[in-house]
Novice: 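Right, I'll just put the structure down here and ask away after.
In the text below, chain A, chain B and the rest are named by the order of the sequence lines, each starting its count at 1.
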2 protein chains.
Amino acid sequence: MDMPPLIQSFVLHFGEMGSRWGINRTVGQIYALLFVAPRPLNAEEISETLGFSRSNVSMGLKELQSWNLALMKHMPGDRRDHFTTPGDVWAIVRILAEERKKREIDPTLSMLRELLMQSPGSEEERHAQERMREMHDLIETLDNWYADVRRLETERLIQLLTLGSKVQKVLEVKDRLFTLPGGRARKDAEENG
Amino acid sequence: MDMPPLIQSFVLHFGEMGSRWGINRTVGQIYALLFVAPRPLNAEEISETLGFSRSNVSMGLKELQSWNLALMKHMPGDRRDHFTTPGDVWAIVRILAEERKKREIDPTLSMLRELLMQSPGSEEERHAQERMREMHDLIETLDNWYADVRRLETERLIQLLTLGSKVQKVLEVKDRLFTLPGGRARKDAEENG
DNA sequence: CGGTTATTTCAGTATTTTCTGAAATATACG
DNA sequence: CGTATATTTCAGAAAATACTGAAATAACCG
């Protein structure tokens, strides 16, 4: 089963891209194929279309399911499992925020917290802890931001991200509204205007 | 040369984490070591401390430099190159936004734009293009957001990220201020209040 | 149940990536 | 320059990862 060139380019690019990221070529290609397919596909079809062994596809699908990036569908009158990707592309952003939190952020934060509890035995260790504290605070801030991304529904999420460069202005407005005249925040807003 | 256990745990964790990400163990460990070190280190020291071959360290440092995550320093009276990481941890966020744009976002966007120019030869391709359009728009939005992250100085960047869940409220305020009564944005703000 | 079809597991192989040591190149200093 | 020291390159070894085919398991159906 072969793909139209348009789809093939997309699928191949995703395979390459995936491997720069933690994901491997197979998984990237499977995702891309499911993403553009007009209907759910079964493992056999994927295997034939991409030219991977059936077992490789099985493992790839498992991986994608564990990331919630592939969803199993049952088609009436067919007992094979069929797969799609979430329909709302913005769900990808939420899902990745969720999964990266679990797999990368949480373990790192708890490692850092543990190390920050220990008392430094030397100046060298004291300095190291200081740096770890900075990194801990950074990651914690990102973690909270991710939490918000996960919470927001698509419309608001787009709004938040589109806000972008305008954030400066919006923050000023916020400062003016929520701070007493002459307060620090008010002053900052004026300086950065 | 051996590390205090505190530092060792940190360095090892970063090595593991790195490998979940595109980066390899060596590079992750070198970065972590430089990050907590109280002064710039030379390649020899890194090599001895981490137990990697001198040439491996050389390659790792090159990689880190290409990401702007390691900076070369010249120490007076010593002709060996010494290395540090950027002092402001928040620079990491900006740097990663910059580099990921170059390496991942830009190539993907141009691939998508190219494919979106072609005229679909079938219903299947038409649908695929529709999906690609959605992904294109998503990535473009993220790209713009990243651009803003790169632009903002630390103070404002932290403010932007901390804003988080409060964004809803702030957006409402913005809507009320910048939209004529009865306009669409005003209406949205009320509905989502 | 027994047969059929679908899926997963897994041991072994193939491929890719990482890492090393030796040689080549570059840089500094007298 | 010539010598000493620092760094990079690179071919091959080692390690890690991805992939396959065969066999095991599971799910369905008559």
Novice: Using a strict 4.0 Å threshold on nitrogen-to-oxygen distance, state whether E45(A) and R39(A) make a salt bridge.
Specialist: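 Salt bridge between E45(A) and R39(A), a charged N being under 4.0 Å from a carboxylate O: yes.
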
Novice: Is S58(A) near enough to dT8(C) that one of its side-chain N or O atoms lies under 4.0 angstrom from OP1 or OP2?
Specialist: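 Affirmative; the distance criterion is met.
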
Novice: Rounded to the Å, how far apart are N42(A) CG and dT7(C) C1'?
Specialist: 12 Å

Novice: Rounded to whole Å, please give me the gap between CG in N24(A) and P in dT20(D).
Specialist: 11 Å

Novice: Does R133(A) come within less than 4.0 Å of E130(A), counting only side-chain N to carboxylate O?
Specialist: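 Salt bridge between R133(A) and E130(A), a charged N being under 4.0 Å from a carboxylate O: no.
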
Novice: Taking atom P of dA6(D) as reference, at what distance in whole Å does atom NZ of K73(B) sit?
Specialist: 21 Å

Novice: Could you label the plane-to-plane angle of the W145(B) and W145(A) rings as parallel, tilted or perpendicular, counting under 30° as parallel and over 60° as perpendicular?
Specialist: parallel

Novice: Of the candidate nucleotides dT9(D), dG21(C), dT7(D), which contains the atom at the shortest distance from the side chain of K62(B)?
Specialist: dT9(D)

Novice: Whole angstroms only, please: what is the CZ-P distance between F52(B) and dA14(D)?
Specialist: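 For the pair F52(B) CZ and dA14(D) P, the rounded distance is 18 Å.
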
Novice: Is a salt bridge present between R131(B) and E134(B), judged by a nitrogen-to-oxygen distance below 4.0 Å?
Specialist: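 Salt bridge flag = yes for E134(B) with R131(B).
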
Novice: Could you tell me whether the side chains of Q129(A) and R126(A) share a donor-acceptor contact shorter than 3.5 Å?
Specialist: no

Novice: Could you state the CZ-P distance from R80(B) to dA28(C), rounded to the nearest angstrom?
Specialist: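 Rounded to the whole Å, the gap is 14 Å.
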
Novice: Given the structure, check if the side chain of S55(B) and the base of dG21(C) hold any donor-acceptor pair shorter than 3.5 Å.
Specialist: yes

Novice: Select from I23(A) and M72(B) the residue whose nearest nucleotide in DNA chain D is closer to the 5' end of that strand.
Specialist: M72(B)

Novice: Output the single nucleotide from dA28(C), dT18(C), dC28(D) whose closest atom is nearest the side chain of R79(B).
Specialist: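 The listed nucleotide nearest to R79(B)'s side chain is dA28(C).
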
Novice: Could you please name the option among dT20(D), dC19(C), dT4(C) that lies closest to any side-chain atom of N56(A)?
Specialist: dT20(D)

Novice: Expressed in angstrom and rounded to an integer, what is the separation of R54(A) atom CZ from dA18(D) atom C1'?
Specialist: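 Roughly 17 Å, once rounded to whole Å.
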
Novice: Figure out the NE2/C1' separation between H74(B) and dT5(D), and round it to whole Å.
Specialist: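 Interatomic distance, NE2 of H74(B) to C1' of dT5(D): 14 Å.
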
Novice: Whole angstroms only, please: what is the CZ-C1' distance between R25(A) and dT16(C)?
Specialist: 10 Å

